[in-house]
Amino acid sequence: MTVIETEPPEAVTADSLSGEAYRVAMRRWLRANLPAGFRSDSAAFVAPTLQQSIAWEAAMHRTGLAGITWPQAYGGHGRTLREHLIANQEIGALAMPESVNSIGKELAGPIILAVGTEEQKRRFLPAILEMRDIWCQGFSEPEAGSDLASLRTRATRSGDNWRINGQKIWTSGAYRSQRCLVLARTGPLEDRHRGLAMFAVRLDAEGVRVRTIKSIDGRESFCEVFFDDVEVPQSDAVGAPNEGWAAAIRVLEIERATNRMYRAWRFENELRHLISACKTDPVLAQLVADSRYAARIGEVVVDIEVLKAHVETVVDALVSGDRIGARGSLAKLHWSEAHQRFAALALELLAQASMPLLPAVKVARRRFEAIYLQARAETIYAGTTEIQLGIIADRILQLSRGK
Amino acid sequence: MAPTSEGLQPADFAVTAERAVAACSGLGLREQASHLAGDGLLGVVAHEDVGGLDLPLAFAVPVVAAATSGLLGFPLLETILLGQLLRQPVPRLAAAIVRGEVLATIAWQGSVIAEREADTVLLNGWVARAPCATEVDHVLVRIGADRAALISIEADGVVVEEGAGLDLTVLEHGMRLESVAIPEERILRDGAWARLCSDANVLRAAAILGSAGACLSLAQEHASTRRQFGRALSYNQAIRHALARQKLGLEGMRHAITRSLGELAGALERDAAFLAAAACGTSISEGALQIHGGMGFTWDVPVHRHIRRIRSLQAQGDASGLIAALGRRYVAEIAPAAEAAAAQ
Ligand SMILES: Cc1cc2nc3c(=O)[nH]c(=O)nc-3n(C[C@H](O)[C@H](O)[C@H](O)COP(=O)(O)OP(=O)(O)OC[C@H]3O[C@@H](n4cnc5c(N)ncnc54)[C@H](O)[C@@H]3O)c2cc1C
C-alpha cells in the first residue's frame, strides 16, 4: 500500500476539539496534506491511482475526517452531525477526488450501524474506515432499475447459510471492492417488496464474477456482477430476513439526503474555479461580467445557496431526532438538476475562450468537460428524477392515486 | 430555530397572524391597522421604545407569509419595517405607526434629488411602486443611491398618481415630487436604504412563500377533487410530477429564508432567499393556474390574485436587476486563476 505521509493533525484527538476549532484544524490539515496532484482545479492534476486514493482516505480517517459520527467502539470519532457537516464543508471547498469507498462510508456503514448485529459492527465498520474493505452497492438489476421491488436475484437457505443466484448491474466500483451490499429475494417474485433481504457478500467468494462496463466518460467504473451459487454465511446477512426492503429504503433515504454532504460546497468550488479561469482570458472575463452571463451566474449562486439550505435543514431535522424520510428527495432532485444546469453553462462559457487556449482555461476545460459528462448520471443514480418526483407526490404531498 | 428569551418561537406568530389577517377581511385600511396593531403584529420587530416587541426579523416572516397567503390588503411589510427604521429620526411617529394610528408606506422604485435650502431640504423627482400610497399619511422615498426621506403625503408638491400595477389587493402608486420641503430630521442616515432593502428582501421572500403556499394548496385540492377520464386529476403522473416540482420550489424557498436569518448569514443569503422565492414563486403560481385548467383563468379562483401579488413583489425587489448584480458581485470577488497559469 502507498503510504501518504501526512503532518500530524495538530493534537486532533477524538474529544479535544469541537465545533469551529475542529473546522480550523481540519481545514489546516487538509490544506497542508492534500497532494497538489489530487486537485482537479490544478494544472498538476493527475487522477490518483487506487492505491493512492486508499492511502489518502485512510489518512483522512486517522485525522478525523471519516466515520465522524460513528461510535468510537467501531473505529469512528463519536462526533456530532454538525461536525460531520463542518468536515464536509471543508472537504467540498477543495477540488479533491471523490472517495473510492463512499458506498462503504455513506451507505453500507450507516445501514450496518442501524440494523447490523454487534458482531457485524465490530467486524465491518473499522475495516471500512481504515480502507481495508471497499464496498459496492448491489441493488440494480437488468430488469429492475427504478422498480427495485421487482428484482430477481434470489437468496435461498442452504443449511445454516444462504445461497445467492442472479445478476446485478450498474454496480459502481465493484471491480475494486471487497464487499457488496446485495439486495436479494427470499420470497416469491409476486411478493414484490416483501421477502427481500440484504447481504454483505464477499466479492472474492466462489461463484462471483465481476465485469466492468465502459461508461460515457470512457472510464470503467461501473460493473455487472454475476452470482452463481454463491455461498453466504448467515453472519453476513444484514438485518432480519424479509426486512430487506425497509433497510433498502433507509439506505436510499441516506443516499439521497446525507450522502456526500459536501456537494453544495464542492459545487461552489466548481463555480469559483470556473470564474477564476474565465478571468484569465480577456474574452471570457468580459463575458462573465456581461449582464446576461452575470445573471446566469447569479442563478447558479442562488441554486447553491438553496442547496446549502436544503442540506442544513436535513441536518437540523436529524439533530432534533427526526428521520429523513422522503425529504431526502428534495435535496437530491434540486442538486442533480441544478448541477446539470451549471455544467452546461460552464461548457457554454468555456467554448467561447480565445485561441490558443490559456493554461488556466485548459485546466478548466478538462475539469468541466468531465463534470458535464458525469453530471448526466446525477439525475439517474440514487433514484431518477422521475422517481424522486413520484416520491414527493406520494409521500410528501400525499396525492391520491385512487380513482 | 433558537427560542427567544421569553421562549417565543416565530411559528407561534403564524396562528395569531392568520387569525388577524382573516379578521381584516372587508375592513378599511385604518381599521385594519388598528386591528393588526392590537395583535402586536405591526411592531413585531420594532424597538420597545416605540411600543414594539423588539423581536428578530425571523418573527416577522410568518406574519408576512400569513398576510399574503390570506391576501391581506394592507402594506404590512412596509409598516413593519418602518416601525423599526424610524425609531431613531422620528420616534413619536414610529410609535404611532406601531400603534396603527399613522399609516406609512415605501416607494420601492425610483429616487429623488435632495437640495438644501436654509433649514429645509427640497426634494425633486419621480418614485414608484409605493403600495397603498393614496391612503397613507407618509411615504419613505429614496434619495440618490443610499439615503431616504420620509415625506408627508399632504405636503405641497406631492402628486400621487392613480393606482396601477398587477396587484389588485395592494395597489401600487407612482409619485412626483416637486420642490417638496422637508425638515432635515426626516432624512435617514447614509446606508439606511441598503439595510432596509436587505430586510425587505427577506420579508418579500416570506410574502412570496405565503402566496406560493396558498397556490400550491389550491392546486393540490383541485387535482384531488376534479375528475377527468373517470379519475381524479392527481391520478395522472404529469400532474403529480408538476405538483411535486412545485413542492420542491416551495421547500427550497422556505429553507433559504430560514438560512438567510441564521447567525452567519449576510447579504448573499438574503438576496438568495428573495431571488429563489421570486423564481419559484412565479412558477408555482403560474403552475397552479395551469392545473386549474380553464377554471384557473377565471376571476373567481384566487390564483390570479397571488400571481399578481408575486409578480409585484418580484418587481418591487427588482429581482432581475438584483440577480445580475449578485452575479457581478460574485464574479468581482474572485481573483483570476494564478496557480494554473503559473504552472504551465
Ligand atoms: C453512474 C451510475 C452509477 C450507478 N451506481 C449504482 C450502484 O452502485 N449500485 C446500484 O445498485 N445501482 C447503481 N446505478 C443504477 C441506478 O440506480 C439506476 O440506473 C436507476 O435506478 C435507474 O434504473 P434504470 O437504469 O433501470 O432505468 P429505468 O428504471 O428503466 O428508467 C428509464 C427511464 O424511465 C423513467 N421511469 C422509470 N419508471 C418510471 C415511472 N414509474 N414513471 C416515470 N418515469 C419512469 C426513469 O426515470 C428513466 O428516465 C448507477 C447508475 C449510474 C448511471
Side-chain angles (χ1 to χ4, degrees), chain A residues 36 41-44 271-273 275-281 285 288-289 291-313 316 327 329-330 333-334 358-364 385-386 388-394 396-397 399-403, chain B residues 1 216 220 223-224 227 230-235 237 239-249 251-260 262 268-269 271-276 279-280 320-344:
Chain A
D41 57 357
S42 153
L271 175 62
R272 296 181 72 86
H273 177 200
I275 295 170
S276 69
C278 287
K279 281 187 153 184
T280 63
D281 175 330
V288 291
S291 260
R292 190 166 57 97
Y293 276 108
R296 289 178 66 190
I297 289 167
E299 285 167 7
V300 178
V301 175
V302 172
D303 274 340
I304 293 172
E305 293 303 306
V306 170
L307 179 62
K308 289 179 181 171
H310 276 297
V311 172
E312 290 170 4
T313 305
D316 284 347
R327 275 177 295 186
S329 295
L330 295 170
L333 187 52
H334 174 72
L358 291 159
V361 175
K362 261 192 207 159
V363 172
T385 293
E386 292 70 25
Q388 309 307 329
L389 290 169
I391 290 171
I392 296 168
D394 292 348
I396 299 183
L397 292 174
L399 293 176
S400 137
R401 265 183 198 276
K403 296 198 169 189
Chain B
M1 226 171 273
L216 180 55
Q220 218 176 319
S224 312
R227 296 175 71 79
R231 289 177 163 134
L233 291 177
S234 63
Y235 173 84
Q237 196 180 59
I239 300 281
R240 303 172 77 77
H241 283 189
L243 288 168
R245 266 194 194 288
Q246 295 179 10
K247 181 68 174 169
L248 172 66
E251 294 309 308
M253 69 171 102
R254 191 194 310 283
H255 300 334
I257 292 170
T258 305
R259 183 160 198 275
S260 76
L268 169 65
E269 289 78 8
D271 289 351
F274 166 59
L275 291 167
C280 298
S320 46
L322 188 67
I323 197 141
L326 173 69
R328 268 195 297 273
R329 215 163 60 212
Y330 200 88
V331 169
E333 281 168 8
I334 296 172
E339 186 260 350
Q344 289 289 305

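For the numbers below, each heavy atom of this structure counts, side chains included, while hydrogens, waters and symmetry mates do not. In what follows, chains are A, B, ... by sequence order, proteins preceding strands, each numbered from 1.
Between A/Ser276 and B/Ile334, the shortest heavy-atom distance links the atoms CB-CG2, 3.7 Å. When all heavy atoms are compared, the tightest approach of A/Ala360 to A/Thr280 is CB-OG1, 3.7 Å.
Highest contact tally toward chain B, considering only A/Ile297, A/Ile275, A/Ile396, is held by A/Ile275 [criterion: heavy-atom pairs under 4.5 Å]. In terms of heavy-atom pairs under 4.5 angstrom with chain B, the leader among A/Ile304, A/Val306, A/Val301, A/Val300 is A/Val301. When B/Ile257, B/Ile323, B/Leu326 are compared by the number of non-hydrogen pairs under 4.5 Å with chain A, B/Ile323 comes out ahead. Between chain B and the options A/Gly390, A/Ala393, A/Ala294, the largest number of non-hydrogen pairs under 4.5 Å is found for A/Ala294. Note: B/Ser234 leads B/Ala272, B/Ser234, B/Gly262, B/Ala256 in heavy-atom pairs under 4.5 Å with chain A.
In this view, A/Lys308 and A/Glu268, A/Glu305 satisfy the salt bridge (Lys or Arg N to Asp or Glu O under 4.0 Å) rule, not counting sequence neighbours.
Looking at A/Glu299, the atoms closer than 4.5 Å to chain B (heavy atoms on both sides) sit in the backbone and in the side chain alike. Of the atoms belonging to A/Thr313, it is side-chain heavy atoms, and not backbone ones, that fall under 4.5 Å from chain B. Neither the backbone nor the side chain of A/Leu358 comes within less than 4.5 Å of any heavy atom in chain B. Heavy atoms closer than 4.5 Å to chain A are found in both the backbone and the side chain of B/Ala276. Looking at A/Glu386, both its backbone and its side chain come within 4.5 Å of chain B, counting heavy atoms on both sides. In this structure, chain B has heavy atoms under 4.5 Å from both the backbone and the side chain of A/Val288. Neither the backbone nor the side chain of A/Asp316 comes within contact range of chain B; no heavy atom of the residue lies under 4.5 Å from a heavy atom of that chain. At a 4.5 Å heavy-atom cutoff, the contact between A/Thr385 and chain B is made by side-chain atoms alone.
Using a 4.0 Å cut-off between charged nitrogen and carboxylate oxygen, B/Glu251 and B/Lys247 count as a salt-bridge pair.
With contacts defined as side-chain heavy-atom distances shorter than 4.5 Å, the pair B/Arg328/A/Ser291 qualifies. Residues A/Asp394 and B/Arg240 meet the side-chain proximity criterion, which asks for heavy atoms closer than 4.5 Å. Using a 4.5 Å cut-off on side-chain heavy atoms (C-beta onward), A/Val311 and B/His255 make no contact. The shortest side-chain heavy-atom distance between A/Leu271 and B/Tyr330 falls under the 4.5 Å cut-off. Between A/Leu307 and A/Asp303, the closest side-chain pair of non-hydrogen atoms is not below 4.5 Å.
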